[in-house]
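Reading through the structure tokens given below for one structure.
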There are 2 protein chains.
Amino acid sequence: MGRRSDHSREELQELIVDATLSLVREHGADRVTARRIAQAVGYTPGMLYSVFVNLQDIFLHVNQLGLFTLHKQCTQAIEGNSDPGAAIKAMGRAYLRFAAEHTHQFDLMFTRTELPAAPTATSLKHQIHSLFDLVETQLRILKPGASDKELTLAARALWSGVHGTAALRLSNQLYLDESEADRDIVELLVNNFLISWQR
Amino acid sequence: MGRRSDHSREELQELIVDATLSLVREHGADRVTARRIAQAVGYTPGMLYSVFVNLQDIFLHVNQLGLFTLHKQCTQAIEGNSDPGAAIKAMGRAYLRFAAEHTHQFDLMFTRTELPAAPTATSLKHQIHSLFDLVETQLRILKPGASDKELTLAARALWSGVHGTAALRLSNQLYLDESEADRDIVELLVNNFLISWQR
DNA sequence: TCCTTTATTAAACAACGTTCAATTACTAGT
DNA sequence: ACTAGTAATTGAACGTTGTTTAATAAAGGA
């Protein structure tokens, strides 16, 4: 068939990204193919390339969505925590929860990225930055006298710890019997770090 | 041709794994195909399947090699450090160095793993455990009274921090101008953690 | 020398991402 | 209402991938 115009260009884009997200969450990025996405939205594979450049391009948009909801869940975790340390730990738990609930999506977002020197889209770059900012804001409350450099570094350190925990747990490389051990690890890590950092 | 017996089964296995490692280091795991490996060792693709089960199986053996050299470099980093804290930081730097020098290999070892619940070969499992043990040993010196559980958890926390830093740097998600920022992050993380943990 | 055994190959398969000419459906002009 | 033109969508193709398997060629024992 020729022009259908059942959907506008933007509707089509949203349709594709949403379908891809569902497929990724259910089957993992490896098993999500152009043909499967096309089938899910009721078109043929060729059509995808009139809306997106690439399969990678589609995944990139999926990841923008992912970072957005991750950011939202982190801000929600902060709410109601007047203590910055508690807020940071709550963020860490939200991060772990996201990774645990949406294993495949988290995998696509953070480990299925291109190497090396991923030319991460500037949009993604900003989204990740704003995640860092959430931590920095709490740290600044905790230690008002800290320099920008100090804050930046500390936020990266904490973020690295939380991310590392999530990543290792995801790939089953923590080797701990208890299923909730990752929460204990983050708690321990953040607590001990902050105690000696804030002063 | 039929039987060549230029190489024994074990020689062939070593040949394949070594060639694959070289290819991975140079081009990244994504671009390493069965046909390329076969060409590198002077055989046809089909032969690989008489020595290994899978391409994945080959990568798994490559990763065993990788974990072995990573372990070696970590133990070497410890040598000459009487202070446990210094030893742990030296291990962290060795870890970062390995990740930076062999980007693609590190990527294959830790992020290109299967999901979820990677049924990691028991061999890999033990190798990773012995890496954890290196950290635990140093922690035990630092805090002789600590329980096993305490040591296990602290080792995981530190390891997660170091690994997270390496992983985020690898995928260019730290967004720091200075190229050696990852070392600063690990230094900061380990220092602050240990100060309040040891006592 | 022949025959069995076995290592290796060549060719095939299905599935993949991607491209592009052909086709179809809609829109505008008369 | 009819036709021409435009643009969306397809279908089929290409080169590549991992993997399997029947055929083949070489080695060793009789």
Side-chain angles (χ1 to χ4, degrees), chain A residues 1-17 19-21 23-24 26-63 104 107-108 112-115 118-119, chain B residues 1-21 23-24 26-63 104 107-108 112-115 118-119 121:
Chain A
M1 304 150 218
R3 177 196 312 186
R4 277 212 226 169
S5 80
D6 292 350
H7 308 285
S8 73
R9 194 101 306 206
E10 287 110 21
E11 282 173 332
L12 227 38
Q13 172 167 339
E14 194 182 334
L15 220 56
I16 293 171
V17 171
T20 306
L21 175 56
L23 289 172
V24 166
E26 191 171 1
H27 303 105
D30 294 341
R31 324 203 89 83
V32 176
T33 71
R35 288 175 230 273
R36 262 195 259 272
I37 297 171
Q39 190 188 8
V41 294
Y43 285 84
T44 44
M47 187 273 279
L48 303 178
Y49 294 84
S50 70
V51 184
F52 293 98
V53 180
N54 254 345
L55 245 195
Q56 271 221 29
D57 189 25
I58 299 180
F59 285 141
L60 199 134
H61 281 76
V62 170
N63 282 347
H104 291 306
D107 182 49
L108 176 63
R112 286 295 188 268
T113 173
E114 284 295 295
L115 275 188
Chain B
M1 306 153 218
R3 177 196 311 185
R4 278 214 227 169
S5 80
D6 291 350
H7 307 285
S8 74
R9 194 102 305 206
E10 287 111 20
E11 282 173 332
L12 226 41
Q13 172 167 339
E14 195 181 333
L15 219 58
I16 293 171
V17 171
D18 288 350
T20 305
L21 174 56
L23 289 171
V24 165
E26 192 170 0
H27 303 106
D30 294 341
R31 325 203 89 82
V32 176
T33 71
R35 287 169 172 81
R36 261 194 258 274
I37 297 171
Q39 190 188 8
V41 295
Y43 285 83
T44 43
M47 186 273 279
L48 303 176
Y49 294 84
S50 70
V51 184
F52 293 97
V53 180
N54 253 346
L55 245 196
Q56 269 221 29
D57 189 25
I58 299 180
F59 285 140
L60 198 135
H61 281 76
V62 170
N63 283 346
H104 291 306
D107 181 50
L108 176 63
R112 286 294 188 267
T113 174
E114 284 295 295
L115 274 187

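Letters A, B, ... are given to chains in the order of the sequence lines, protein chains preceding strands, and every chain is numbered from 1.
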**Asked** More than 12 non-hydrogen atoms from neighbouring residues, nucleotides or ligands closer than 6.0 Å to CD on B/E11, yes or no?
**Response**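 Yes, because the 6.0 Å sphere around CD of B/E11 holds more than 12 heavy atoms from other groups.
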
**Request:** For B/F52, enumerate each residue passing the ring pair (Phe, Tyr, Trp, His ring centres under 6.0 Å) test, keeping only those at least two apart in sequence or located in another chain.
**Result:**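 With neighbours one apart ignored, the set is B/H61.
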
**Request:** Among A/T20, A/I37, A/V32, find the one that has a side-chain contact (heavy atoms from CB on, under 4.5 Å) with A/L55.
**Result:**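 Between A/L55 and the candidates, side-chain contact (heavy atoms from CB on, under 4.5 Å) is satisfied uniquely by A/I37.
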
Under the rule for side chain to side chain contact (heavy atoms under 4.5 Å, CB included), what residues qualify as partners of [X], not counting sequence neighbours?
| X | result |
| --- | --- |
| A/L12 | A/H7, A/R9, A/L15, A/Y43, A/M47, A/V51 |
| A/A19 | A/A40, A/V41 |
| A/T44 | none |

Within this structure, what is the [atom1]-to-[atom2] distance between [X] and [N], rounded to whole angstrom?
| X | N | atom1 | atom2 | answer |
| --- | --- | --- | --- | --- |
| A/I58 | C/dG17 | CD1 | P | 10 Å |
| A/F59 | C/dC16 | CZ | P | 12 Å |
| B/M47 | D/dT19 | CE | P | 15 Å |
| A/Q39 | C/dG17 | CD | C1' | 17 Å |
| B/L12 | C/dT6 | CG | P | 17 Å |
| A/H27 | C/dC16 | NE2 | P | 13 Å |
| B/L48 | C/dA7 | CG | C1' | 14 Å |
| B/Y43 | C/dT9 | OH | P | 7 Å |

**Prompt:** So what does B/I37 touch, heavy atoms closer than 4.0 Å: a base, only the sugar-phosphate, or nothing?
**Reply:** nothing

**Complete:** Whether each nucleotide of nucleotides 12-18 of chain D has a protein heavy atom under 4.0 Å at its base (B), only at its sugar-phosphate (S) or at neither (-) is summarised, 5' to 3', as -----BB

**Request:** Compare side-chain N and O positions of B/R9 against OP1 and OP2 of C/dT6 and report whether any pair is under 4.0 Å apart.
**Result:** no

